[in-house]
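Worksheet: one structure, shown below.
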Amino acid sequence: MSAETSYSAADITVLEGLEAVRKRPGMYIGSTGPTGLHHLVWEVVDNSVDEAMAGHCTTIDVTLLDDDCCQVTDDGRGIPVGQHHQYDDLAAAEVVLTLLHAGGKFGGEGYKVSGGLHGVGISVVNALSSRVEVEIDRNGRHHYMDFVEGGRLETRLSDVGDAPDGRTGTTVRFWPDGSIFDDTRFRFQTLAERFQMMAFLNRGLRIRLRDEREGDHHEEVDHCYEGGIRDFVAHVNASKESLFTEVGYIQGEEDGQEVEVAFQWNTGFNTDGLHSFANGINTLEGGMHEEGFRSALTGVMNRYARKRGQLRENDDNLQGEDIREGLTAIISVRLVDPQFEGQTKSKLGNVETRSLVQRTTNDKLAEWLEEHPSEGKRIVQKAINAQRARVAAQDARKSARRKSALDGAGMPDKLKDCASGDSRESELFIVEGDSAGGSAVQARDPRTMAILPIRGKILNVERARSDRMLKNAEIQTLIQAIGGGFGEDFEVDKIRYHKVILLCDADVDGSHIRTLLLTFFFRQMRALVENGHVYIAQPPLYSTVVGREKMYLKDDHAKTAFLIDNPSHKKEFQRLKGLGEMDFAELQETTMDPTRRSLLQVSVEMLAIADEVFSTLMGEDVESRKRFIQTNARDVRFLDI
Ligand code: 0RA
C-alpha cells in the first residue's frame with residue numbers, strides 16, 4: 001500500500017470544499033444531532049441504491065461496528081478507479097470521495113434517475129468523518145484507500161490484490177467525527193425502519209443490517225420484497241381489517257418517467273393513508289404526483305359509482321376525503337430531474353408528473369374496477385357511509401362552534417392558561433392526573449406556561465369516527481386549548497402554544513396515555529407534530545443522595561454513567577414511579593424549568609411507518625399489538641415515531 005501523498009492545486013480546492021462542509025454542516029445534512037448523524041448513512045446507502053436503480057446492484061449490507069463505525073457494502077459496479085478526466089493526478093474514486101457533488105453524475109455516465117434530495121454526495125460524509133476507508137472490487141482487482149480528519153487523503157487509491165472471483169462492488173467504512181456530532185452512536189431501529197422502506201420502494205433489492213457492536217444485542221434484519229410497494233401497502237394494512245384481500249396495483253410510464261400505485265382499503269376511518277415518494281424519497285409535503293392521483297381517484301370513483309347506480313342522479317358527488325377514508329396507498333414515481341420544493345424540500349414540483357399520474361389513474365384504475373366489481377362495490381359503499389358521517393360531523397361542529405361562542409373566551413375551565421399572548425413563547429403542559437396537575441400549576445412560570453390536567457384515558461381516536469370523537473369531553477378540551485381546530489381544517493398558524501408538552505408518569509399507564517395523546521395529535525393535528533411542536537417531558541426515573549444533595553437521573557443510561565463517574569457511591573437509588581411522588585419544587589427542578597429540563601421532540605420522519613405503528617398500537621387487532629409491544633419492549637418508555 002503506498003501512503004505517499006502529493007498535493008496539487010486540485011487537491012487544495014478539494015480540501016477547501018470539504019472545509020466549507022465542516023464549517024457549516026447544517027447546510028449539507030440539516031443538523032449535527034441524531035438526524036444529521038443518520039443522514040451520513042442515508043448518503044452512503046443512497047449511492048448503493050442508485051447502483052441498484054441502474055440495475056447493477058442486488059444486495060446492500062450495512063454493519064454497525066465498534067467505535068461507532070458504520071460499514072456499507074454493495075455488489076454494484078464499484079466506484080470507477082481509473083484516472084479522472086478532469087483531474088489527471090487523481091483517481092475517479094478519489095474525486096468521488098473528496099469533491100462536492102461528484103457523485104454518480106460525472107463523465108457523462110450519470111444515472112437515469114437518482115435520489116436527488118439526499119444527493120449531497122458521499123464527499124460530505126468524508127468531510128464529517130474522522131476516518132473513512134474505501135474498498136473497491138472492479139476489473140478483477142481489489143482496491144483500497146483511506147481518509148482521515150475530514151477528508152485528508154491518507155492512503156491513495158491503490159491496487160492491493162485480486163478481487164474475489166468475479167466480484168464487483170464497493171465497501172465504505174466511516175467513523176463520524178466526534179468533534180462535529182453531538183453523539184456519534186447510531187440507533188439500530190432508526191436505520192432498520194428506513195432500510196425497510198427503501199427495500200419496499202426498490203422491488204427485489206435486498207438490504208441487510210447487522211449490529212455487531214460490543215455490548216449491543218447483535219440484532220439483525222434482512223429486508224427484500226419481491227412485491228415492492230404492494231408489499232408495502234400490505235405491511236401498513238397488516239394490523240387493520242381490510243375491505244378486500246388483494247392489494248390493487250397500477251402502473252404507467254412515459255418519456256422516461258414511471259409511476260406505480262399500490263392501494264387497498266381497510267374498514268378504518270383515516271383519510272391520511274396516502275403516502276408518496278419520488279425517486280425513493282418520501283415526499284411528505286405531497287406535490288404533483290399526489291395531486292394527480294387524488295383528483296383522478298375522485299373522478300374515477302364518482303363516474304364508477306354513478307355508472308353502477310350506487311350514486312343516483314340527485315345524490316351529491318362523493319368528495320375526495322369520503323373516497324380516501326380507509327384507503328392505504330403508496331404512490332411511487334421515478335423521474336430524471338425531480339424538482340423538490342416546499343418548506344422541507346419534500347414537495348414534488350414537476351407538472352408533467354401530475355398529468356402522467358392523472359392519466360394512469362384515470363385509465364388503469366377504471367380498468368381495475370371493471371375487473372374487480374365486488375371490491376368496487378365495497379369501496380363505493382364505504383365512501384357513501386363516509387359521506388353521511390361527514391355531513392353529520394359538519395352539523396355537530398356547527399353546534400359545537402355556536403356553543404363555544406357562547407362560552408365567552410371559549411377556554412375550558414380546567415385550563416390554567418399562561419399570561420403571555422405570544423404563542424411563540426407559550427407552552428402547554430398536558431399533565432396526567434389532577435394532583436400532578438396541581439403541582440405543575442405551582443411549579444410553572446405562569447407567564448409562559450399553561451397547564452391542562454387530563455384525567456384518565458382519553459378516547460382512542462384510532463377507533464372512533466370524528467362525530468363521536470367530538471362528543472368526548474377531554475378531546476373537546478384539548479382542541480379548544482390548542483386553538484388550531486382539528487382534522488382536515490387544522491391550522492397550525494392559529495395554535496396558541498408553540499410547545500405542547502406531554503407530562504405523563506413513567507409507568508405503563510403513563511405510557512398508554514402518552515400513546516393515546518400522540519395518536520390524537522398524529523391523526524387530528526398532523527401539522528402540529530410535523531412542525532415539531534409536540535414534546536415529551538422526561539421526569540427522571542431515579543433519584544439518589546450525594547452528600548447532602550439529592551440528584552436526579554433521567555434513565556438507566558444516566559444511572560450507569562453516574563456510577564462510572566462516582567465509583568464510590570453507595571449505589572442506593574430510588575426509582576421514581578409517578579409524578580405524584582415529587583413535590584412541586586422537585587417537579588420544577590427536574591422537569592419543567594427550561595434551563596434544566598430535557599424535552600424529547602416528537603418527529604414524524606417516516607409517515608408511512610408511523611401510520612403502521614399507530615394502527616398496530618391503537619387499532620382493532622389485539623394480536624399484532626401484542627406482537628409489536630413484545631418486539632419493541634425495550635423502547636416502550638418512549639414511543640419513538
Ligand atoms: C460513479 C460512477 C459510477 C458508479 C459509482 C460512482 C458508484 C458509487 C458508489 C458509492 C457506493 N457504491 C457505489 N457504486 C458505484 C458508474 C460506474 C461505471 O460506469 O461503471
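Note that ligands are numbered from 1 as they come in the structure, with each ligand's atoms numbered from 1 the same way.
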### Query
Would you say the side-chain atoms of E285 and S346 include a donor-acceptor pair closer than 3.5 Å?
yes
### Message
For G76, state whether at least one heavy atom is located under 4.0 Å from any atom of ligand 1.
### Response
no
### Message
With nothing but distance in play, are any N or O atoms of N47 less than 3.5 Å from an N or O of ligand 1?
### Response
no
### Task
May I ask whether R138 places a heavy atom under 4.0 Å from ligand 1?
yes
### Task
Before giving the answer on side chain to side chain contact (heavy atoms under 4.5 Å, CB included), spell out for I229 and Y249 the whole-Å C-alpha distance, their side-chain angles and the decisive distance to 0.1 Å.
CA-CA 9 Å; I229 61 170; Y249 179 80; 4.1 Å; yes
### Task
Establish, from distance only, whether the side-chain atoms of T63 and E212 form a donor-acceptor pair under 3.5 Å.
no
### Query
Stepwise, does the side chain to side chain contact (heavy atoms under 4.5 Å, CB included) test hold for N139 with V81?
CA-CA 9 Å; N139 310 328; V81 294; 4.2 Å; yes
#### Entry: Proximal ligand 1 atoms for E51, defined as those under 4.0 Å from one of its heavy atoms
4 (C), 14 (N), 15 (C)
### Query
Any idea which atoms of ligand 1 are less than 4.0 Å away from a heavy-atom of D74?
11 (C), 12 (N), 13 (C)
### Task
Pick one of side chain, backbone, both or neither for how C57 approaches ligand 1, counting any non-hydrogen atom pair under 4.0 Å.
neither
### Message
Can you confirm whether T353 sits close enough to Q257 that some side-chain heavy atom of one is under 4.5 Å from a side-chain heavy atom of the other?
### Response
yes
